[in-house]
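Here's the structure, in structure tokens; my notes come after.
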Amino acid sequence: MRSARAPEKIALVGLTLLLVAAGAFSGQAEQTAAEQGPAVKEGLNTFEGLVKTALGKYIYIPAAQGFDIIVSGQVNTAALIGKEVKGEGTFDPKHPTLLTAETIEVKEGGSYKPFYTRKVAPDLKDYMDAQTRDSYEAVKELAANKPDGWEGKANIKVFGRLVQGEAAYISLADDGGKETGRILVDTISEFSQYQIKKLRLFDKFWFYLSPKETVESRTRLRTKELFRADIVNVGLF
């Protein structure tokens, strides 16, 4: 009888452990949702938290559910890095990753003080939404002897590492880590610079490019410099 009941006991113990794990996971999910706060809705929303990154007109507050907060006009957003802020922002579904800041207050000496109030609409010319990103063709295995990989294409994206010095370039590598090519960078949009700061823990990511002139063939073969381009966006996908 003892041996006959053993499988039943094992099944019962397994079910109990499964229920406990499910309860723990559910509790963790509820705690995470509570920490993130209420879901963002169309129109006016509040935000509050520590500013992790800021550059130009863009501000990143992890507690604001991953949204990029945008301001208008000449604002020294870098002064907010590492400080607690709170404010109100407008959410427009046309720009699903953005909150347009209406007001921002910064915590100083234990109390919040006014820092920013929106007066005009923000400049969105360098912001790239998901639909636009999807229109960029991912190109791989670019080589000095294969200019058709980029020539004649207006919008492409490549996976690589940004090297900045006297002249910036994107280093491309094969699966073994051997450098296979370089893309010379002429300009980096403000939104791209902001995204690079947000992704500072990552060594490589996707660069969304507007290709320009091709490097002369003999120079390509000697230096692996393929073409010039403007970086218009950066991301992990």
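Quick note: residue numbers are just sequence positions, from 1.
Tracing side-chain contacts under 4.5 Å through hydrophobic residues (I, L, V, M, F, W, Y), one never reaches L55 starting from I188; they form parts of separate clusters. When the side chains of ILVMFWY residues are joined at heavy-atom separations under 4.5 Å, either directly or via intervening members, V158 and V232 end up in two distinct hydrophobic clusters. In the hydrophobic clustering of ILVMFWY residues, with side-chain heavy atoms under 4.5 Å counting as a link, V106 and Y116 come out together. No continuous path of ILVMFWY side-chain contacts below 4.5 Å connects L99 to L50, so the two sit in separate hydrophobic clusters. Cluster annotation: L98 and I59 are assigned to distinct hydrophobic clusters (Ile/Leu/Val/Met/Phe/Trp/Tyr, side-chain heavy-atom contacts under 4.5 Å, transitive).
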(message) One pair to check against side chain to side chain contact (heavy atoms under 4.5 Å, CB included): T100 and V71. What are the steps and the verdict?
(response) CA-CA 6 Å; T100 298; V71 299; over 6 Å; no
(request) Run the numbers on Y60 and I69 for side chain to side chain contact (heavy atoms under 4.5 Å, CB included), then give the verdict. (result) CA-CA 6 Å; Y60 177 60; I69 297 173; over 6 Å; no
(request) Check step by step if side chain to side chain contact (heavy atoms under 4.5 Å, CB included) holds for N155 and L209. (result) CA-CA 6 Å; N155 301 317; L209 307 175; over 6 Å; no
(message) If you apply the rule salt bridge (Lys or Arg N to Asp or Glu O under 4.0 Å), what do you find for D129 with K94, and how did you get there?
(response) CA-CA 8 Å; D129 58 27; K94 294 179 181 178; over 6 Å; no
(request) Walk me through it: do H95 and L124 pass the test side chain to side chain contact (heavy atoms under 4.5 Å, CB included)? (result) CA-CA 10 Å; H95 307 118; L124 296 174; 3.4 Å; yes
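For the pair K41 and F91, the NZ or CZ position fails the cation-pi test of under 6.0 Å to the six-membered ring centre and within 45 degrees of the ring normal. Cation-pi geometry between K157 and Y136 is not met at under 6.0 angstrom from the ring centre and within 45 degrees of the axis.
Counting only N and O atoms by type, the side chains of Q195 and Y208 include no donor and acceptor under 3.5 Å apart. Counted by atom type alone, D230 and T187 present one or more donor-acceptor pairs between their side chains at under 3.5 Å. In summary, the side chains of E151 and T214 do present a donor paired with an acceptor at a separation below 3.5 Å, with no hydrogens or angles considered. For S189 and Y194, the side-chain atoms include no donor-acceptor pair closer than 3.5 Å.
No donor-acceptor pair closer than 3.5 Å links the side chain of K224 to the backbone N or O of R220. With S72 contributing its side chain and P122 its backbone, the two residues share no donor-acceptor pair below 3.5 Å. A donor-acceptor contact shorter than 3.5 Å is absent between the side chain of E225 and the backbone of L184. A donor-acceptor distance shorter than 3.5 angstrom exists from the side chain of R200 to the backbone of K197, with no hydrogens or angles considered. At distances below 3.5 Å, at least one donor-acceptor pair connects side-chain atoms of T223 with backbone N or O atoms of T219.
Between Y112 and the choices E84, E48, E105, the side chain to side chain donor-acceptor pair (under 3.5 Å) rule is met once, by E48. Exactly one residue among R182, E179, K204 makes a side chain to side chain donor-acceptor pair (under 3.5 Å) with S171. That residue is E179. With E102 as the partner, the side chain to side chain donor-acceptor pair (under 3.5 Å) test is satisfied by one option alone out of T46, N45, T90: T90.
You'll find the ring centres of Y58 and F191 inside the 6.0 Å limit.
Looking at every heavy atom in both residues, L226 comes nearest to A143 through CD2-C, 3.9 Å. Across every non-hydrogen atom of T97 and Y127, the tightest pair is OG1-OH, 2.9 Å. Nearest approach of T103 to F47, heavy atoms of both residues: O-CZ, 3.8 Å. Nearest heavy-atom pair, F227 versus L142, reported as atom, atom and distance to 0.1 Å: CE2-CD1, 4.2 Å. Pairing each heavy atom of G149 with each of V139, the nearest pair is O-CG1, 3.7 Å. Closest approach of A229 and I183 over heavy atoms only: CB-CG2, 3.9 Å.
Enclosure of atom NZ in K153 by more than 12 non-hydrogen atoms of other residues, nucleotides or ligands within 6.0 angstrom is indicated. Residue E216 qualifies as enclosed at atom CD: its count of foreign heavy atoms under 6.0 Å is above 12.
We find the CZ-CZ distance between R161 and F207 to be 9.5 Å, quoted to the nearest 0.5 Å. To the nearest 0.5 angstrom, I196 atom CD1 is 5.5 Å from I231 atom CD1.
Side-chain contact check for I81 versus T53: every heavy-atom pair is 4.5 Å or farther apart. Residues K107 and K113 fail the side-chain proximity criterion, which asks for heavy atoms closer than 4.5 Å.
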